[in-house]
K.L.:
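Structure incoming, see below.
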Amino acid sequence: MQDQFSLKDKVALITGGTYGIGMAMAQALGKAGATITFNARSEDKVREAELECRALGLDAYGYTCDVTVESQVRLMVSDISQKHGDIDILVNNAGIIKRIPALEMSVEDFNEVINVDLTGPFIVSKAVAPGMIRKGGGKIINICSMMSELGRETVTAYAAAKGGLKMLTKNLACEWAEYNIQVNGIGPGYIATPQTAALREEGNPFNDFIMAKTPAARWGTPEDLEGPTVFLASKASDFINGHILYVDGGILAYIGKQPK
Ligand code: NAP
Ligand code: GCO
């Protein structure tokens with residue numbers, strides 16, 4: 001079985017890999033044997049993350065690059081190909097959220113979320129796919145959300161983007177299957193990262209709300225995403241195309257707690 005999950009000699013790119021879920025997934029792919037490359041906008045965070053990964057003995061290379069700027073993405077992908085070989089595994093993880101009621105949200109804010117969370121994965125996938133085709137195959141994993149399926153107050157733009165990302169996943173899976181590229185998604189539940197820090201603050205009723213909504217009765221951790229990421233990046237998932245694997249402690253299976 002080890003061969004099924006081994007990523008030895010593979011090159012992976014994880015977008016938004018400097019902290020949170022992206023960093024955990026990058027390290028998991030590295031521990032499974034891949035050379036890991038990652039990017040983010042903050043140069044300082046990129047250098048810190050590179051040092052952190054190398055301290056664990058991982059072969060890691062960081063890039064300062066914004067996923068919404070196609071010229072930057074193309075430069076990064078071509079540099080990775082020249083130095084480490086064409087990318088075998090792409091994880092489209094970089095994402096932002098703006099929690100603003102729809103009636104108050106400006107078009108600029110709405111478009112910014114769509115740009116990073118939906119257009120970004122399209123730009124990076126399009127830049128990486130030719131190298132995968134040259135290599136005879138590849139794996140793309142798009143990081144979706146509970147909001148790929150569910151709505152709630154204040155996250156209109158994010159839900160529109162993550163719902164769109166689910167369908168981008170399915171469509172690219174159909175278009176690129178002929179090149180032996182498997183495109184799938186991971187839909188994390190509520191995970192303790194900087195993105196959700198405000199929701200987890202002491203006294204915020206959202207914390208109790210999430211506990212009651214999650215049959216596993218806890219927030220997820222970035223490490224909960226490690227196994228699912230390695231699975232969808234490895235040979236073990238070669239006949240899985242266009243699937244969204246929800247890693248949510250049961251949220252999507254649950255109607256909600258019965259009132260006492
Ligand atoms: P996070 O802690 O806020 O980390 C986001 C990462 O993305 C950072 O490395 C950030 O670095 C980078 N980033 C943001 N905008 C970027 C851009 N334009 N170009 C390149 N990099 C960019 O977020 P997270 O909670 O780990 O979430 C990671 C992904 O999982 C996101 O797509 C998020 O929507 C999704 N997700 C999160 C949860 C959750 O509960 N936390 C649940 C489901 C899905 P810079 O700011 O330096 O660029
Ligand atoms: C929110 C949260 C969510 C999570 C995640 C759920 O405000 O409801 O930030 O959107 O981050 O995407 O899967």
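Throughout, numbering of the chain's residues begins at 1 and tracks the sequence. For ligands, and for the atoms within them, numbers begin at 1 and follow the listed sequence. In what follows, every heavy atom counts, from backbone to side chain, and hydrogens, waters and symmetry copies are set aside.
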K.L.:
If you measure from each non-hydrogen atom of Met23 to ligand 1, which part falls under 4.0 Å: side chain, backbone, both or neither?
P.N.:
neither

K.L.:
Any idea which heavy atoms bring Ala49 and Met23 closest together, and the distance?
P.N.:
CB-CE, 3.7 Å

K.L.:
Applying side chain to side chain contact (heavy atoms under 4.5 Å, CB included) between Val91 and each of Val124, Leu232, Ile21, Leu29, report the one that passes.
P.N.:
Leu29

K.L.:
Which ligand 1 atoms, with their elements, are less than 4.0 angstrom from a heavy-atom of Ile191?
P.N.:
39 (C), 40 (O), 41 (N)

K.L.:
For atom 12 (C) of ligand 1, what's the nearest protein heavy-atom neighbour? Residue, atom name and distance, please.
P.N.:
Gly16 CA, 3.5 Å

K.L.:
Give me the nearest non-hydrogen protein atom to atom 5 (C) of ligand 1 as residue plus atom name, then the distance to 0.1 Å.
P.N.:
Gly95 O, 3.9 Å

K.L.:
Just jot down the ligand 1 atoms closer than 4.0 angstrom to any heavy atom of Tyr158, in number order.
P.N.:
33 (C), 34 (O), 35 (C), 36 (N), 44 (C)

K.L.:
Look at the side chain of Ser234 and the backbone N and O of Ser6, then say whether any donor-acceptor pair between them is shorter than 3.5 Å.
P.N.:
no

K.L.:
Would you mind listing every ring pair (Phe, Tyr, Trp, His ring centres under 6.0 Å) that reaches into residues 60-103, with sequence neighbours excluded?
P.N.:
Tyr61-His84

K.L.:
Check each atom of ligand 1 against the heavy atoms of Gly189 and keep those under 4.0 Å away; list them by number with element.
P.N.:
40 (O), 42 (C), 43 (C)

K.L.:
Any salt bridge between Lys135 and Asp86, counting N to O under 4.0 Å?
P.N.:
no

K.L.:
Which pairs of nitrogen or oxygen atoms, taken one from ligand 2 and one from the protein, are under 3.5 angstrom apart?
P.N.:
residue  : atom   : partner : partner atom : Å
ligand 2 : 7 (O)  : Arg99   : NE           : 2.7
ligand 2 : 7 (O)  : Arg152  : NH2          : 2.8
ligand 2 : 8 (O)  : Arg152  : NE           : 2.7
ligand 2 : 8 (O)  : Arg152  : NH2          : 3.4
ligand 2 : 8 (O)  : Tyr190  : OH           : 2.7
ligand 2 : 9 (O)  : Arg99   : NH2          : 2.7
ligand 2 : 11 (O) : Gln195  : OE1          : 2.7
ligand 2 : 12 (O) : Ser145  : OG           : 2.7
ligand 2 : 12 (O) : Tyr158  : OH           : 2.7
ligand 2 : 13 (O) : Ser145  : OG           : 3.2
ligand 2 : 13 (O) : Met146  : N            : 2.8
ligand 2 : 13 (O) : Pro188  : O            : 2.8
ligand 2 : 13 (O) : Gly189  : O            : 3.3

